[in-house]
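Taking it in order: structure first as structure tokens, then the write-up.
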Amino acid sequence: MRNIDTICATATAPGGAIGIIRVSGPKAFTAVSSLCSINCNTAPANTVHYTHIVAPPIVYDAISRHNIPTKYDSEPIDEVLITIFRAPHSYTGENSVEISCHGSSYILQRVLDILCQQGCRIAQPGEFTMRAYLNGKLDLSQAEAVADLIASSNKTTHDIAMSQLRGHFSSELSKLRKQLLKLTSLIELELDFSDQEDLEFANRSELLALAQEIDNHITRLAKSFNTGQAFKQGISVAIVGKTNVGKSTLLNKLIDDDRAIVTDIHGTTRDTIEETMEINGVKFRIIDTAGIRQSDDEVERIGIKRTNQAIKQANIVIWLLDAPPSKKENEEMHELLKGKNYICVHNKVDKVDMKTFVPYFLPLYMISAKTGKGIPNLKRHIFEEAQRAGLISNTTEIIVSNSRHYESLINAHKNLQHVINGLGKQLSGDLLSDDLRLVLSDLGEITGEGYITSQETLNNIFSTFCV
């Protein structure tokens with residue numbers, strides 16, 4: 001189907017003042033030329049033209065058995081801008097035209113209908129980007145970065161997607177593949193001359209060192225997946241503590257909105273409430289939880305159970321207090337927070353005489369969720385705690401955020417471990433060579449380089465795209 005059909009679709013979200021229709025394929029210029037006064041076949045590449053879209057005077061009703069001509073009004077449908085892109089210098093690598101119309105759903109649908117009558121068909125989800133991949137404009141990981149870029153909701157996810165789109169991840173994988181090919185070549189050369197006992201093309205210890213170096217790179221990339229997921233989904237921060245210590249007030253103050261109900265009644269919050277905020281361009285998911293206490297109320301007990309679940313799943317926990325904890329509370333909370341990254345925060349400092357106050361934990365961060373005192377400082381500490389936990393790293397580093405890429409890296413690591421173990425056990429080169437080919441195949445799945453990607457896999461990848 002590649003390079004046969006001419007496809008068209010809207011390339012902008014509905015409801016805007018401007019709507020763009022993208023047309024790509026061998027008949028793109030002819031189809032668009034039939035709707036306007038511009039001859040796209042002779043128009044220079046990378047030029048923009050003002051014109052009117054007019055329905056052809058006679059088109060044929062494809063539904064009618066008798067192919068009865070149907071006349072359309074010859075009045076212009078819309079005044080538009082048409083942009084010409086010539087292969088291979090277009091998004092898809094094919095001859096392409098973009099029609100910038102007014103954003104009316106009627107106008108956009110009418111233009112698409114007429115384009116289909118001129119031999120185009122409506123593009124499948126992600127088909128423009130799939131063609132860009134098939135035509136060598138992007139590798140598979142870069143193509144997936146397009147979807148991540150569109151979905152990016154903050155500076156960090158935008159930076160990660162842009163880095164991948166620019167080929168930084170692909171470049172890193174290309175270096176690994178070259179090292180693997182070198183390793184494979186040395187082992188296979190050893191096989192070719194295995195009958196020459198006096199010849200040694202590579203010292204086994206040197207091969208082992210090279211394999212371990214490659215594996216270290218693959219492992220580092222795989223480990224970055226947790227950071228990538230935290231950036232993409234948001235770093236979860238659970239606010240926990242006894243009832244009425246100000247957890248809901250703190251949530252509202254952090255997100256600067258009255259999201260959670262605040263009362264003086266104990267046990268107001270019966271379920272977890274989640275909202276998002278940004279700190280230094282990083283997305284955080286703030287979770288308000290039910291107050292921890294003994295209760296006979298069945299609904300509240302369910303809420304407290306969910307609080308415990310939220311603690312287990314959270315990346316960071318804020319333990320909120322408004323007074324020194326009792327010995328029992330201290331022991332219970334430390335048991336709940338065992339192994340977690342947490343921040344101890346004293347709320348309601350507006351009601352405390354700070355001259356006589358003695359901190360009962362160090363560090364202990366002082367705030368007033370009601371007045372906002374100490375909130376900027378708390379946000380800074382939340383960010384720093386995320387950095388200490390390894391959830392935030394320098395975004396100039398390559399960060400893996402795609403689960404498909406992560407699975408391929410894990411498979412590559414497992415197969416390379418077989419090679420490393422085989423080298424240590426002095427296994428024959430033919431066995432090692434088979435495992436090395438698997439590693440090359442695993443990395444090739446990420447970019448599509450040197451790997452035949454099935455149509456089913458491609459359809460699965462691109463079906464979630466919007467262009």
Side-chain angles (χ1 to χ4, degrees), residues 226-227 229-231 233-255 259-260 262 267-280 282-295 300-349 359-369 374-393:
N226 287 337
T227 299
Q229 284 295 288
F231 281 147
Q233 298 175 4
I235 297 170
S236 57
V237 181
I239 306 172
V240 303
K242 294 192 303 183
T243 59
N244 226 27
V245 294
K247 297 184 298 297
S248 298
T249 305
L250 178 56
L251 170 75
N252 290 342
K253 187 60 69 172
L254 285 171
I255 66 171
R259 174 66 178 83
V262 177
T268 302
T269 302
R270 301 294 186 93
D271 200 352
T272 56
I273 300 173
E274 182 175 316
E275 286 295 331
T276 62
M277 69 171 183
E278 278 190 33
I279 307 175
N280 298 334
V282 177
K283 179 180 176 181
F284 287 82
R285 293 186 291 116
I286 310 300
I287 304 163
D288 181 21
T289 63
I292 299 173
R293 67 168 181 168
Q294 295 295 323
S295 175
E300 189 175 354
R301 286 168 62 187
I302 293 172
I304 294 168
K305 184 177 180 181
R306 292 186 179 182
T307 296
N308 294 335
Q309 291 173 344
I311 291 172
K312 291 178 182 178
Q313 295 170 0
N315 299 122
I316 298 170
V317 177
I318 295 176
W319 179 13
L320 193 65
L321 304 111
D322 60 358
S326 66
K327 182 179 178 182
K328 181 181 179 183
E329 180 188 358
N330 189 29
E331 290 173 351
E332 289 176 349
M333 285 302 297
H334 275 92
E335 184 63 29
L336 277 174
L337 299 176
K338 186 181 294 183
K340 302 298 297 185
N341 302 295
Y342 71 92
I343 304 170
C344 193
V345 179
H346 188 291
N347 189 24
K348 304 182 183 179
V349 294
Y360 39 91
F361 286 114
L362 289 174
L364 180 67
Y365 303 109
M366 314 295 291
I367 67 164
S368 170
I375 295 298
N377 191 42
L378 176 59
K379 287 184 177 181
R380 180 169 61 84
H381 286 300
I382 292 171
F383 188 84
E384 290 173 352
E385 187 62 34
Q387 286 180 312
R388 280 192 291 271
L391 300 169
I392 298 175
S393 61

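Note: hydrogens, waters and symmetry copies are ignored here, and every other heavy atom, side chains too, is used.
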Exercise for the section: Write down the atom of Lys247, the atom of Val240, and the distance for their closest heavy-atom approach. Expected result: CD-C, 3.6 Å
Handout entry: Reported NZ-to-CE distance for the pair Lys338 and Met333, which is rounded to 0.5 angstrom
Key = 13.5 Å
Exercise for the section: May I ask you to check whether His334 and Trp319 place their ring centres under 6.0 Å from each other? Expected result: yes
Exercise for the section: Report the residues that fulfil side-chain contact (heavy atoms from CB on, under 4.5 Å) with Asn226, sequence neighbours left out, ordered by chain and then residue number. Expected result: none
Problem - Considering all heavy atoms, the nearest Ala310-Ala238 contact - result: O-CB, 4.2 Å
Handout entry: Short side-chain to backbone donor-acceptor contact, Arg285 and Glu274, under 3.5 Å
Key = no
Practice task
Applying side chain to side chain donor-acceptor pair (under 3.5 Å), name anything that partners Asn315, two or more places apart in sequence or on another chain.
Solution key: Ser236
Fill in the blank from the handout: With sequence neighbours left out, the residues meeting side-chain contact (heavy atoms from CB on, under 4.5 Å) with Ala389 are Asn341, Leu391
Handout entry: Ile287, Ile273, Thr289 screened by side chain to side chain contact (heavy atoms under 4.5 Å, CB included) with Leu251, the one that passes
Key = Ile273
Exercise for the section: Tell me, with the steps shown, if Val317 and Val237 meet side-chain contact (heavy atoms from CB on, under 4.5 Å). Expected result: CA-CA 5 Å; Val317 177; Val237 181; over 6 Å; no
Handout entry: Nearest-0.5 Å distance, CZ of residue Phe284 to CD1 of residue Ile235
Key = 4.0 Å
Fill in the blank from the handout: Rounding to 0.5 Å, atoms OG1 (Thr276) and CD1 (Ile286) come to a distance of 8.5 Å
Practice task
For residues Lys379 and Met277, determine if any side-chain heavy atom of one lies less than 4.5 Å from a side-chain heavy atom of the other.
Solution key: yes
Fill in the blank from the handout: Hits for ring-ring contact (aromatic ring centres under 6.0 Å, His included) against Tyr365, two or more places apart or cross-chain, chain-then-number order -> His381
Practice task
Spell out, as yes or no, whether a donor-acceptor pair under 3.5 Å connects the side chain of Thr227 to the backbone of Gly390.
Solution key: yes
Practice task
Side-chain contact test, heavy atoms from C-beta onward, threshold under 4.5 Å: evaluate it for Leu320 versus Lys242 and give yes or no.
Solution key: no
Handout entry: For Glu275, the option from Ile255, Leu254, Asn252 that meets side chain to side chain contact (heavy atoms under 4.5 Å, CB included)
Key = Ile255
Problem - Asn377 CG to Ile367 CD1 distance, which is reported to the nearest 0.5 Å - result: 10.0 Å
Handout entry: Approximate separation, where rounding is to 0.5 Å, of Asp322 CG and His346 NE2
Key = 6.5 Å
Problem - Residue list, side chain to side chain donor-acceptor pair (under 3.5 Å) with Lys327, at least two apart or on another chain - result: none
Practice task
Give a yes or no answer on whether the side chain of Asn347 reaches the backbone of Val245 with a donor-acceptor pair at less than 3.5 Å.
Solution key: yes
Problem - Shortest non-hydrogen contact between Asn244 and Lys348, atoms and distance - result: O-NZ, 2.8 Å
Handout entry: Stepwise salt bridge (charged side-chain N to carboxylate O under 4.0 Å, His left out) test for Glu331 and Lys328
Key = CA-CA 5 Å; Glu331 290 173 351; Lys328 181 181 179 183; over 6 Å; no
Exercise for the section: Find the distance between OH (Tyr342) and CD1 (Ile311) and round it off to the nearest 0.5 Å. Expected result: 12.0 Å
Problem - Minimal non-hydrogen separation, Val282 against Phe383, with atom names - result: CG2-CE1, 3.8 Å
Exercise for the section: Take Lys283 and Glu278 through the test salt bridge (charged side-chain N to carboxylate O under 4.0 Å, His left out) and record every step on the way to the result. Expected result: CA-CA 5 Å; Lys283 179 180 176 181; Glu278 278 190 33; over 6 Å; no
Practice task
Please report the shortest heavy-atom distance between Ile316 and Ile382, naming the atom on each side.
Solution key: CD1-O, 3.8 Å
Handout entry: side-chain contact (heavy atoms from CB on, under 4.5 Å) partners of Lys253, counting only residues at least two apart
Key = Ile375
Fill in the blank from the handout: On a heavy-atom basis, the closest approach of Gly246 and Ala369 is O-CB, 4.3 Å
